[in-house]
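All heavy atoms count here, side chains included; hydrogens, waters and symmetry mates do not. Along the sequence shown, the residues carry numbers beginning at 1.
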Amino acid sequence: MVSTLDCTFMAQALRLAEQGLYTTTPNPRVGCVIVNNQKIVGEGAHLKAGEPHAEVFALRQAGALAKGADIYVTLEPCSHTGKTPPCVHAVIAAQPKRVIVAMQDPNPLVAGQGIAAMRNAGIEVNVGVMEKEANALNIGFVSRMTRGLPFVRSKVAASLDGKTALNNGKSQWITGEAARLDVQHWRAQSCAILTGVGTVLADNPSMTVRLPNISRQPLKVIVDSHLKTPSDAHILQHGQVLIAFASDPHNRAKALQAAGVELLALSNQNGRVDIKALLINLAQRGVNEVLLEAGQGLNGACLQEDLIDELLLYYAPKLMGTEAQGMFAMTAFTQMQQAVQLNILDIRQVGVDIRLRARPVKST
């Protein structure tokens with residue numbers, strides 16, 4: 001039976017899991033708490049792929065006190081051998097009384113097998129305590145395992161009248177310093193940053209994570225149908241870069257490869273980059289979360305193809321007029337029913353700006 005104390009200890013396990021927010025990719029973020037006589041005797045978090053999982057750290061700390069204890073873990077203990085041995089074996093060997101699991105592992109290699117193994121060993125297992133919170137923490141991992149696609153967030157900085165750049169293309173800076181710092185945290189937790197060649201040519205951005213004590217840089221992915229990216233672009237100079245293209249009419253492939261860029265040919269029937277195929281390819285590379293930072297062209301194409309899972313919209317207290325560039329370039333609608341419906345998740349002020357998180361209502 002699940003109690004209020006169970007939720008309290010699981011909340012602590014979730015806080016531990018958050019320690020891996022920027023570092024566990026491609027693995028999920030997992031936390032574990034071991035409780036004996038209502039006292040925490042062991043804690044652990046998975047921090048990096050290839051290193052011990054949360055349960056292993058917590059069991060080491062608990063030692064003999066794990067026997068007869070309650071183990072709280074945010075994700076079902078793994079039952080397969082990857083870069084580390086199966087955690088479920090260590091859990092069973094510790095002989096706990098109960099194991100409380102926030103959510104079943106969506107990985108087909110696990111998918112309930114760890115839970116079954118513990119129950120077969122005579123351990124009481126409760127599943128679903130704070131499942132919603134656990135799922136949100138690993139929304140990209142769940143997406144990759146269940147849909148074969150990463151979770152895509154589109155970050156847009158706009159004026160209150162929905163403009164992202166002046167008519168001449170200038171866009172720095174629409175939002176204030178606090179909002180730009182907030183974006184850095186979203187970049188840091190993403191596995192990849194996706195942008196278009198239009199943004200590269202107009203702004204020459206670096207698209208790097210600039211936070212103290214953050215060493216991992218996300219993969220930078222450029223959608224560039226005709227390979228217009230200059231080989232000396234700032235975005236190519238820091239970290240790993242992948243350019244998805246459809247054709248090379250200007251013979252720039254060799255120069256880009258010499259600059260350390262990986263090229264991926266993915267053409268659709270219109271002679272442009274097949275964006276969904278690109279996202280599938282990224283998922284196959286272990287990419288869980290993608291932050292889309294692009295202009296109205298790529299943003300609109302992704303939204304129209306139903307490829308955006310969440311919108312991260314920063315609105316600055318300024319007006320830029322009808323001639324400025326918009327947020328999403330899409331085919332003109334003729335009926336209001338065609339408009340993209342959104343579910344608003346959160347609205348808050350960040351410095352002088354407003355941040356709105358919303359999710360498109362997916363078409364069926």
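For Leu59 against Val91, the heavy-atom pair with the smallest separation is CD1-N, 4.0 Å. Of all non-hydrogen atoms in Gly196 and Ala294, the two that sit nearest each other are N-CB, 4.1 Å. Taking all atoms of both residues into account, the shortest heavy-atom contact from Gly271 to Ala246 is O-CB, 3.3 Å. When all heavy atoms are compared, the tightest approach of Val200 to Pro230 is CG1-CD, 4.5 Å. In plain terms, the two heavy atoms of Phe57 and Gly44 that are nearest each other are CB-CA, 3.8 Å.
Using a cutoff of 4.0 Å between basic side-chain nitrogens and carboxylate oxygens, Asp346 and Arg348 are scored as salt-bridged. Look at Arg119 and Glu124 and you find no salt bridge, because none of the NZ, NE, NH1 or NH2 atoms lies under 4.0 Å from a carboxylate O.
A chain of hydrophobic side-chain contacts below 4.5 Å, direct or via other Ile, Leu, Val, Met, Phe, Trp or Tyr residues, connects Phe328 to Val340. Put simply, Leu307 and Phe151 are part of two different groups of oily side chains (I, L, V, M, F, W, Y) that touch within less than 4.5 Å, one to the next. Linking ILVMFWY side-chain heavy atoms closer than 4.5 Å, directly or via other members, places Leu211 and Val350 in two distinct hydrophobic clusters. Hydrophobic clustering keeps Val30 apart from Val56 (ILVMFWY residues linked when any side-chain heavy atoms are closer than 4.5 Å, directly or through intermediates).
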Acceptor/donor pairs from residues 276-287 side chains to any protein atom, 3.5 angstrom cut, sequence neighbours excluded:
| from | atom 1 | to | atom 2 | distance (Å) |
| --- | --- | --- | --- | --- |
| Asn281 | OD1 | Arg285 | NE | 2.5 |
| Asn281 | OD1 | Arg285 | NH2 | 3.4 |
| Arg285 | NH1 | Glu262 | OE1 | 3.1 |
| Arg285 | NH1 | Glu262 | OE2 | 3.4 |
| Arg285 | NH2 | Glu262 | OE2 | 2.8 |

Listing, residues 310-319 side-chain donor-acceptor contacts under 3.5 Å, not counting sequence neighbours, or none:
| from | atom 1 | to | atom 2 | distance (Å) |
| --- | --- | --- | --- | --- |
| Glu310 | OE1 | Arg357 | NH2 | 3.4 |
| Glu310 | OE1 | Arg359 | NE | 2.8 |
| Glu310 | OE1 | Arg359 | NH2 | 2.9 |
| Glu310 | OE2 | Arg153 | NE | 3.1 |
| Glu310 | OE2 | Arg357 | NE | 3.1 |
| Glu310 | OE2 | Arg357 | NH2 | 3.2 |
| Tyr314 | OH | Asp182 | OD2 | 2.5 |
| Lys318 | NZ | Ile174 | O | 2.8 |

Listed pairs under 3.5 Å, donor-acceptor, residues 162-169 side chains, sequence neighbours left out:
| from | atom 1 | to | atom 2 | distance (Å) |
| --- | --- | --- | --- | --- |
| Thr164 | OG1 | Gly326 | O | 2.8 |
| Asn168 | OD1 | Lys170 | N | 3.0 |

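For Ser190, the side-chain hydrogen bond (donor to acceptor under 3.5 Å, both in side chains) test picks out no residue, with sequence neighbours left out. When the side chain to side chain contact (heavy atoms under 4.5 Å, CB included) test is applied to Gln304, the partners found at least two apart in sequence or on another chain are Met330, Thr331, Phe333.
Taking 4.5 Å as the limit, every side-chain heavy atom of Ile34 sits out of range of all side-chain heavy atoms of Asp70. For the pair Thr25/Phe141, no side-chain contact is recorded, criterion being any heavy-atom separation below 4.5 Å from C-beta on. Two residues are said to be in side-chain contact when any heavy atoms from C-beta on lie closer than 4.5 Å; Ile40 and Phe9 meet this criterion. Side-chain atoms of Arg98 and Val125, non-hydrogen and from C-beta on, never get closer than 4.5 Å to each other. By the 4.5 Å heavy-atom criterion applied to side chains, Cys78 and Val88 are not counted as neighbours. Contact of the Gln184 side chain with the Ile214 side chain is not registered, since no non-hydrogen atoms from C-beta on lie closer than 4.5 Å. At a threshold of 4.5 Å between non-hydrogen side-chain atoms, the residues Leu75 and Val101 do not count as touching. Proximity of Leu342 to Val361: side-chain heavy atoms (C-beta onward) are nowhere separated by under 4.5 Å.
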Decide side chain to side chain contact (heavy atoms under 4.5 Å, CB included) for Glu55 and Ile71; before the verdict, give the C-alpha distance in whole Å, the side-chain angles of both, and the deciding distance to 0.1 Å.
CA-CA 9 Å; Glu55 301 93 319; Ile71 297 180; 5.5 Å; no
Mind running side chain to side chain donor-acceptor pair (under 3.5 Å) on Gln338 and Thr334 for me, showing each step along the way?
CA-CA 7 Å; Gln338 296 173 298; Thr334 57; 3.2 Å; yes
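In this structure, Ile354 places its CD1 atom where only 12 or fewer heavy-atom neighbours from other residues, nucleotides or ligands lie under 6.0 Å away. Annotation for Glu305: atom CD counts as buried by contact number, over 12 foreign heavy atoms lying within 6.0 Å. Within 6.0 Å of the CD atom in Gln349, the count of heavy atoms belonging to other residues, nucleotides or ligands exceeds 12. Environment of CG in Asn120: crowded, with over 12 heavy atoms of neighbouring residues, nucleotides or ligands closer than 6.0 Å.
Side chain of Asn36 to main chain of Leu65: a donor-acceptor pair is present (N/O by atom type, distance under 3.5 Å, no hydrogens or angles). In this structure, Asp6 contributes its side chain and Ser3 its backbone to a donor-acceptor pair below 3.5 Å. No side-chain donor-acceptor contact under 3.5 Å links Asn135 to the backbone of Glu131. The closest donor-acceptor contact from the side chain of Ser143 to the backbone of Ile139 lies at 3.5 Å or more, if one exists at all.
Contacts classified as ring-ring contact (aromatic ring centres under 6.0 Å, His included) and involving residues 12-52 (residues at least two apart or in different chains) are given here: His46-His53. Among residue pairs with one or both ends in residues 17-37, those qualifying as salt bridge (Lys or Arg N to Asp or Glu O under 4.0 Å) are Arg29-Glu289; sequence neighbours excluded. Among residue pairs with one or both ends in residues 229-244, those qualifying as side chain to side chain donor-acceptor pair (under 3.5 Å) are Asn204-His234, Asp224-Thr229; sequence neighbours excluded. Pairs engaging residues 134-152 under the salt bridge (Lys or Arg N to Asp or Glu O under 4.0 Å) rule: Arg147-Asp309 [sequence neighbours left out]. Under the side chain to side chain donor-acceptor pair (under 3.5 Å) criterion, the residue pairs touching residues 241-261 are His226-Ser247, with sequence neighbours excluded. Sorted by first and then second residue, the salt bridge (Lys or Arg N to Asp or Glu O under 4.0 Å) pairs with a member in residues 325-338 form an empty list; sequence neighbours excluded. Screening residues 206-222 for salt bridge (Lys or Arg N to Asp or Glu O under 4.0 Å) gives no qualifying pairs among residues at least two apart or on separate chains.
Glu76 and Gln113 are not linked by any side-chain donor-acceptor pair at a separation below 3.5 angstrom, with hydrogens and angles left out of the test.
Shown are Thr199, Leu194, Ile222; of these, the side-chain contact (heavy atoms from CB on, under 4.5 Å) with Met207 is made only by Thr199. Of the listed residues (Leu303, Val273, Ile275), just one forms a side-chain contact (heavy atoms from CB on, under 4.5 Å) with Leu298, and that residue is Ile275.
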